[in-house]
There are 2 protein chains.
Amino acid sequence: MILIASTIKDVARYTGLSIATISKFINGGSVKEVNRQRIEEAIRALDFKVNEMARGLKTNKTATIGVLIPSLENIFVTSIVSKVESLLLDYGYSTIVCDYRTDRELENQKFDFLMSKSVDGIILVPHAIDANKIKEALDRDIPVILIDRAMKGVECDVVLVDNLNAAYNAVEHLFMKGHRRVGIICGPQDIYTAQERLKGYIRVHEDYQLEIDQDLIRYGDYEIQSGMTLMNYFLEMKNPPTAVFVTNYEMTLGAVMALNSSNVSVPDQLSLIGFDNIQLANVIKPRLSIVVQPMQQIGEYAANLLLRRMKGDKGGFPAMLRLKTEIVEGESVKVINSYV
Amino acid sequence: MILIASTIKDVARYTGLSIATISKFINGGSVKEVNRQRIEEAIRALDFKVNEMARGLKTNKTATIGVLIPSLENIFVTSIVSKVESLLLDYGYSTIVCDYRTDRELENQKFDFLMSKSVDGIILVPHAIDANKIKEALDRDIPVILIDRAMKGVECDVVLVDNLNAAYNAVEHLFMKGHRRVGIICGPQDIYTAQERLKGYIRVHEDYQLEIDQDLIRYGDYEIQSGMTLMNYFLEMKNPPTAVFVTNYEMTLGAVMALNSSNVSVPDQLSLIGFDNIQLANVIKPRLSIVVQPMQQIGEYAANLLLRRMKGDKGGFPAMLRLKTEIVEGESVKVINSYV
DNA sequence: CCTCTGTCACAAAACGTTTAACTTACCAAT
DNA sequence: ATTGGTAAGTTAAACGTTTTGTGACAGAGG
């Protein structure tokens, strides 16, 4: 047996009222008490549900928002998505999630796809998307919220963490324990977050009036393999750093793998500060000190900002919400010399 | 400036053809070569995109499928979702992802939500959902594919791994290396996968004619904390096992954390086989031997089956696709006695 | 008793497609 | 020359809502 959904017409017939009245009721308009009851009964009896397609056709709203992310297998990102999804659901929005597997082509393509689905808003963790696409969405009155990375070439709301000071604090933390030669494994030079983190590294050196050994700055690609390679590079230096700061999760994994297959002991011979995944940090021996980002909060801010924009509130556009990271101390940093 | 999207009418006007012809063309019907060119030009010039809402209203299809999962922060699940999403996108479907945070209430609620969005199909990693809900979806001709767990009380397609033999093989692997006292950290007794894994543990003991010490069977809740607690239980036994098999990822994390804070060395004093996350396995020292599930494949099978069902092909319903796991050897299992 | 005001209900048009039924044009076969 | 068939195009209805403009009615104020 195949069920067939009932429509507003059926409800109208059942109650003897007109379609318009039913529609009014559904959308919170006021109807006579006696009618209210009959409508409610009819809806229950007929198991009526609004047809969102028909509604969407009229209102030009889909009650759907699009989320476009680099990867669904990145816990940093999915935590945020999870929060966003649940918050928006409370307001009746459903969330279409697309990942673009860090592929430039796919990123543009899936953005178009979301637009073609006429979502009411977009949350995007951008990588290499064409700024014009975002402009176009904005012109079509589809709000876009960027997460984690600001973009040049377009005015757009963005929620991110203070990456500069995240790095600043992590390296300062090492300074406080007496380290002076600190290596950094950076992300790609063309990625905003990576640039910011490197800036923090440089600025803290300036503030402490320490000269920077350029050999201690290494650029990776945010993937496991490069974390491994670059950590090995540090291990084989004639004059190696006493501590290394790794600037994202995947490269932290790689760095730990490199250390495991060497016979260098952490933190005795080398101290380490990683990034992003607290679960990982706790399961490694010795427990890893890491920089954690407030993922819940990022999701929350992004979702709320998007809701405001979708309501038409353009206040403070373009907004930049900049959240703070935190250092969770493990046992991977040696105290050479305590200054506190 | 706010752009306003052009419609099929505009294209008709631009080309001088009728709406119906344009529609036919869009949907792959054949038109005269000269008209084809004009239509294509018009579409380009007007930047025409089909309005999916209007189309959906007519066809009663949304080109949208729903995915309902226990958590977006579970890499096992998100890997599958990622695969599903990309496969279905190739066929023009978009994917609405909902997680229910292992909450029974939320699970039922979000299932309803997906139904109210009139998705064309649903992929569900079920936990405690009401079987009637699934029946109702099926009655409405919305195909549902279960992942990872079969369900009683309703006939439904399901894609899962052979959990029984996964456990069988893992424990047999330990037997082959000479272990005879093997502890198991199981999942909740009311969860299908957990039951299956325990059955495998029991069956392999039967096949090897080894008696089972009930103290070596411990039930957790698939969360980190219980992995920790139960591993500590094993460590404190008077007559501890020589090896432990942990049956999911989170509890594996917990078990490793427990081992790290004890002074028991792996694999010398205790051998360990974990579950599910190969990245984790490689980053732990010593590298962990684990059971890995073919997540890509699961996603692939589920997506393809769903596509078939959505096309109306009911062949072999209800299908049960049962995939095989694999053991990835690390260095966490000691050879007491090699039989090979 | 008349008019004004406010509340509620209604009819009908519109949103942008698809599709069934129909027309036309052309060509081949009788 | 007539018939039949096929391919391409057209017209108009339908999908299930929202919304605009009206009208009906009741009670208040004069």
Side-chain angles (χ1 to χ4, degrees), chain A residues 2-40 42-43 46-64 92 115-120 140-142, chain B residues 2-40 42-43 46-64 92 94 115-120 140-141:
Chain A
I2 293 200
L3 297 179
I4 177 118
S6 50
T7 77
I8 211 176
K9 264 187 203 155
D10 300 317
V11 178
R13 196 171 319 123
Y14 189 103
T15 54
L17 294 165
S18 79
I19 290 184
T21 307
I22 313 297
S23 172
K24 196 211 262 183
F25 171 82
I26 292 170
N27 293 290
S30 67
V31 296
K32 271 215 192 95
E33 174 60 16
V34 47
N35 289 336
R36 203 210 77 212
Q37 289 178 2
R38 280 163 63 202
I39 296 178
E40 280 176 352
I43 289 180
L46 301 169
D47 189 33
F48 166 79
K49 311 242 172 59
V50 225
N51 180 322
E52 299 285 351
M53 301 250 97
R55 171 179 282 176
L57 178 58
K58 273 307 281 189
T59 59
N60 221 6
K61 298 254 168 280
T62 53
T64 295
M115 289 297 289
S116 84
K117 285 284 169 182
S118 41
V119 293
D120 296 343
R140 282 229 153 74
D141 213 25
I142 312 290
Chain B
I2 292 201
L3 298 180
I4 176 119
S6 51
T7 78
I8 209 175
K9 264 187 203 154
D10 301 317
V11 178
R13 197 173 317 123
Y14 190 101
T15 56
L17 293 164
S18 79
I19 289 183
T21 305
I22 313 296
S23 172
K24 196 211 260 181
F25 171 82
I26 292 171
N27 293 289
S30 67
V31 298
K32 271 217 193 98
E33 175 59 17
V34 48
N35 289 335
R36 203 210 77 211
Q37 288 178 3
R38 279 162 64 201
I39 297 178
E40 279 176 352
I43 289 181
L46 300 169
D47 189 32
F48 166 77
K49 309 244 172 59
V50 194
N51 179 323
E52 299 285 350
M53 301 250 97
R55 172 179 279 176
L57 179 56
K58 272 306 281 188
T59 60
N60 217 9
K61 298 256 168 277
T62 52
T64 295
S94 52
M115 289 298 291
S116 84
K117 284 286 170 181
S118 41
V119 293
D120 295 342
R140 282 227 154 74
D141 213 25

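Convention: sequence-line order gives letters A, B, ...; per-chain numbering from 1.
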Rounded to whole Å, how long is the line connecting atom [atom1] of [X] with atom [atom2] of [N]?
X	N	atom1	atom2	result
B:Arg38	D:dA8	CZ	C1'	13 Å
A:Glu52	D:dT17	CD	P	10 Å
A:Ile22	C:dC8	CD1	P	15 Å
A:Asn51	D:dT18	CG	C1'	13 Å
A:Arg55	C:dA14	CZ	C1'	17 Å
A:Ile26	D:dG16	CD1	C1'	10 Å
B:Leu57	C:dT17	CG	P	12 Å
A:Met53	D:dG16	CE	P	13 Å

Check each of A:Val50, A:Ile43, A:Ile22 against A:Ile8 using the side-chain contact (heavy atoms from CB on, under 4.5 Å) test, and report the only one that passes.
A:Ile22
Can you name the closest pair of heavy atoms from [X] and [Y] and give their distance?
X	Y	result
B:Asp120	B:Thr62	OD1-N, 3.0 Å
A:Ala12	A:Ile19	CB-N, 3.9 Å
B:Phe48	B:Ser6	CD1-O, 3.3 Å

For the residue pair A:Leu17 and A:Lys32, establish whether any side-chain heavy-atom pair is separated by less than 4.5 Å.
no
Both B:Leu17 and A:Ile8 contact DNA chain D. Which one's nearest nucleotide lies toward the 5' end?
B:Leu17
Check every atom of D:dT17, C:dT17, C:dG16 against the side chain of B:Phe48 and return the nucleotide holding the closest atom.
C:dT17
Please determine if a side-chain N or O atom of [X] lies less than 4.0 Å away from the OP1 or OP2 oxygen of [N].
X	N	value
B:Thr7	C:dC15	no
B:Asn27	C:dT18	yes
B:Ser23	C:dT18	yes

By side chain to side chain contact (heavy atoms under 4.5 Å, CB included), A:Ala54 pairs with (sequence neighbours left out) A:Asn51, B:Leu57
Under 4.0 Å, counting only non-hydrogen atoms across every strand here, what does A:Lys61 touch: a base, just sugar-phosphate, or nothing?
nothing
Polar atoms only, N or O, under 3.5 Å: list the protein pairs with nucleotides 11-14 of chain D and their distances.
residue: D:dA14; atom: N3; partner: B:Lys58; partner atom: NZ; Å: 2.8

Which residue pairs pass the salt bridge (Lys or Arg N to Asp or Glu O under 4.0 Å) test with at least one member in residues 5-26 of chain A, sequence neighbours excluded?
A:Asp10-A:Arg13
